[in-house]
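So the structure is just underneath, and the comments pick up after that.
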Amino acid sequence: MTSDELKKIAEGLIDTFNIAGQESIDLYKKGLKIEIKGDKSPVSNGDLKVNDLITNKIKELTPNIPIVSEETVDLKIKNTAKIFWLIDPIDGTKEYIAGRDEYTLNAALVINAVPILGVVGVPKKNRVFYSYAPGESYLIESGETKKINCKKKQPKGNIVALSSVIKPSNIILNKLKEFNVNLIVKMASSYKFCVIATGEYDIYAARERANEWDYAAGHAVAQNAGAIIRTLDEKPFLYGKEDYKNPSLLIKRTENLND
């Protein structure tokens, strides 16, 4: 696929993400219908509606590419595709159900184990991030589209890490010490990837957790903006595993976090 083709696909999803994001807000205001899935995680009618909207648009844009979505995946079937979509209609469902503002809508196109294209909507923050090639990551905010490139927004000497939990494990704390982190901020969902891509934060480290659809869209946005994304032991972070499980993760805004 050419860069122009990928650009057309990514931009073709933006209106749908805006519509789906507003739908998620409207359904929350009406009162969500919540069920508990087999893995004990919650799912709402908001998740399912967003999934339908995004999936249908992707089928229209790329009818021949398989789609793997958190809400419809059959984990008994091993993933063997080289090119496929990963969708997490709402990442941070617990945040969404609780009425908080860090949940995200996510779709990524994976080609040969790398998420090349990603779209991440953050409805309650009125932000949409998208990317389709290295050096081509963008933020749409307040009607304005601007390119993002991981340029540091924190004052020099401030190195701020993100964490999914209030108290990171000793393994994670020790890893962050290697980079002279002096503040850790808790943040939910794939929004973490996106605010590293904008340069608002510097680093995120995590042990093995979640599934490929949780990370892929944000991964594309951050990596194409210039972020360095690997495992904690500095191996490539790749997609297309048969069981969709994520390895450990280390995202750095740049090599020298003071730059």
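Because the structure is a prediction, the values reported are computed rather than measured.
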Open item on the list: Just to verify, which of Lys152, Lys252, Lys153 counts as forming a salt bridge (Lys or Arg N to Asp or Glu O under 4.0 Å) with Asp202?
Closed with: Lys152

- [ ] Have a look at Tyr204 and tell me which of Ile196, Ile172, Leu250 forms a side-chain contact (heavy atoms from CB on, under 4.5 Å) with it.
- [x] Ile196

Task: Under-4.0 Å salt bridge between Arg127 and Glu200 - done: yes

- [ ] List the atom of Lys57, the atom of Gly12, and the distance in Å for their closest heavy-atom pair.
- [x] CE-O, 3.2 Å

Task: Within 6.0 Å of NZ in Lys151, more than 12 heavy atoms from elsewhere - done: no

Task: Heavy-atom neighbours of Arg207 CZ exceed 12 at 6.0 Å - done: no

Open item on the list: Could you tell me if Asp4 and Thr2 have a donor-acceptor pair between their side chains, going purely by distance under 3.5 Å?
Closed with: no

TODO: May I ask whether Leu61 and Tyr130 are part of the same hydrophobic cluster, defined by side-chain heavy atoms of I, L, V, M, F, W, Y residues being less than 4.5 angstrom apart, directly or through others?
DONE: yes

- [ ] Report, as yes or no, whether the 6.0 Å neighbourhood of atom CD on Glu35 holds more than 12 heavy atoms from other residues, nucleotides or ligands.
- [x] no

Open item on the list: Less than 4.0 angstrom from a charged side-chain N to a carboxylate O is my criterion; do Lys37 and Glu70 meet it?
Closed with: yes

TODO: Run the salt-bridge test on Asp233 and Lys235 with the 4.0 Å N-O cut-off and return the result as yes or no.
DONE: yes

- [ ] Measure the shortest side-chain to side-chain distance between Pro123 and Tyr103 over non-hydrogen atoms and say whether it is less than 4.5 angstrom.
- [x] yes

TODO: Output yes when Lys8 and Glu5 qualify as a salt bridge under the 4.0 Å nitrogen-oxygen rule, no when they do not.
DONE: no

TODO: Determine whether more than 12 heavy atoms belonging to other residues, nucleotides or ligands lie under 6.0 Å from atom CD1 of Ile166.
DONE: no

Open item on the list: Quick one about Asp259 and Thr254 (side-chain donor to acceptor, distance below 3.5 Å, no hydrogens or angles considered), yes or no?
Closed with: no

Task: Cluster companions of Leu48 among Ile, Leu, Val, Met, Phe, Trp, Tyr (side-chain spacing under 4.5 Å) - done: Val43

TODO: Evaluate the side chain to side chain contact (heavy atoms under 4.5 Å, CB included) criterion for residues Phe193 and Leu249: first the C-alpha distance (whole Å), next the side-chain angles of each, then the deciding distance (0.1 Å), finally the verdict.
DONE: CA-CA 11 Å; Phe193 291 78; Leu249 175 68; 3.7 Å; yes

Task: Tyr132: side chain to side chain donor-acceptor pair (under 3.5 Å) partners, not counting sequence neighbours - done: Glu136

- [ ] Tell me, please, whether Tyr239 has Lys241 positioned over its six-membered ring: NZ or CZ under 6.0 Å from the ring centre and within 45 degrees of its axis?
- [x] yes

- [ ] Please indicate whether Lys33 has more than 12 foreign heavy atoms, meaning atoms of other residues, nucleotides or ligands, lying under 6.0 Å from its NZ.
- [x] no

Task: Hydrophobic cluster partners of Ile77 (side-chain heavy atoms under 4.5 Å) - done: none

TODO: May I have the step-by-step check of side chain to side chain contact (heavy atoms under 4.5 Å, CB included) for Tyr244 and Asp214, ending in yes or no?
DONE: CA-CA 10 Å; Tyr244 303 103; Asp214 295 282; over 6 Å; no

